[in-house]
Amino acid sequence: MAERILIIKPSSLGDVVTALPLVGDLRRVMPGVEIDWFLHPGLRGVVEGHKGVSGIVEFDRKKLGAWWWRPTAFAGLVGLIRKLRRRRYDVVIDAQGLLRSALFTRLTGAPVRVGFADAREGAPVAYTHKVWLPEGGKKMLAVERMRALGKPLGTDVGVAAEFGVPVAALTGEAARVEELGEYVVMIPGARWDTKRWPVERFAEVARRLAGQGEGLVLMGSAGEKGLCDRIETEVGGGARVVNLAGKTGVREMVAVIARARLVIGNDSGPLHVATALGVRVVGLYGPTDPAFVGPYGQMENVIRHEVPCFPCRNKTCGHHSCMQGVTVELVWEKAKGMLPAGTGGEEKGR
């Protein structure tokens, strides 16, 4: 029986969140096991404090990537490898499935190394146990794919997924949402431009929500502040709006989303955070396939427009027809049906 397990899933936000149920699956079959998580330090807020995670091993790829020419980076990399080997892991699960993560998996010296059989960049050569998925997992949601990595260790994926995302108190700028009472979170950004629904359409839905008496919270990275600022401006000064773009870390973002009545957003990490927390979502999808990266447990709340090139997964596009085809009315009718008129309404589903 394993005593120490390491899960390698350093990034990104949505990917880390969808891998969290693996922790609960492992603990059900090995209650006393220590589970560490190999993680980018910027994402600690979504894992640190999880009742099933014993520790976090930080991996800052950008900082350590200069190992071949910067002595401090080389020393940091050597120190990280030594730390991994000192832990003497019995099992390492590579949930990232790339050459880099596979190398760390092998360098731990763990006797059992688990990963996907079709992982990219030759990663499977590092694994002792390879997990095969039907059709390469292309018709499986991310949560289901991640949970499948526990099968060689005897986990049961038939039970309900438990995310266990730790929720902190509202602090700093995030505490401003308390002024609103209940509120809807809007997430107009995404890492790819092609995933973004037009900001003017977000603004129109925001205006309608404000007219119905809803408090609004706008969230995004510092680079997405312009999108949130535009929505705030177009909604008008009389609305109850808190613009938190660029003002929260991951921990604060989770705290704000956890208290929302509804989250409306593009295919993005925060949308997956919302579903993991049991908050209802309206998910706007374009170039990515919801069957692969949709909101877990809320596929009925996906809105998309059918186009011949779907799913292209392109990060650039000259026509954006998939997102342009999603109308304001479609999103408004879905949101309105999930939020009865007037402030307060029914409690969000959990």
(message) Atom NZ of residue position Lys151 - does it have more than 12 heavy atoms of other residues, nucleotides or ligands inside 6.0 Å?
(response) no

(request) Using ring-ring contact (aromatic ring centres under 6.0 Å, His included) as the criterion, list what pairs up with Tyr89, not counting sequence neighbours. (result) none

(request) Identify the heavy atoms of Pro290 and Phe310 that sit nearest to each other, and give their distance. (result) CD-CZ, 3.9 Å

(request) Evaluate the salt bridge (Lys or Arg N to Asp or Glu O under 4.0 Å) criterion for residues Arg240 and Glu214: first the C-alpha distance (whole Å), next the side-chain angles of each, then the deciding distance (0.1 Å), finally the verdict. (result) CA-CA 7 Å; Arg240 298 186 304 124; Glu214 293 292 341; 5.8 Å; no

(message) Measuring only between side-chain heavy atoms, which start at C-beta, is Gln96 closer than 4.5 Å to Pro10?
(response) yes

(request) Could you verify whether a donor N or O on one side chain and an acceptor N or O on the other, from Ser101 and Asp94, lie under 3.5 Å apart? (result) yes

(message) Is it the case that over 12 heavy atoms from other parts of the model lie below 6.0 angstrom from the NZ atom of Lys247?
(response) yes

(request) Compare all side-chain heavy atoms of Met30 with those of Leu153 and state whether any distance is below 4.5 angstrom. (result) yes

(request) Give a yes or no on whether a salt bridge exists between Glu224 and Arg196, defined as a side-chain N under 4.0 angstrom from a carboxylate O. (result) yes

(request) Tell me yes or no: between the side chains of Asp36 and Ser54, is some donor less than 3.5 Å from an acceptor? (result) no

(message) Side chains of Arg201 and Gln324 only: does a donor on one sit below 3.5 Å from an acceptor on the other?
(response) yes

(message) Is the positively charged end of Arg145 above the ring of Phe292, judged by distance under 6.0 angstrom from the centroid and angle within 45° of the axis?
(response) yes

(request) Please tell me if the side chains of Val282 and Val263 come closer than 4.5 Å, counting only heavy atoms from C-beta onward. (result) no

(message) Is it the case that the ring center of Phe59 lies less than 6.0 angstrom away from the ring center of Phe104?
(response) yes

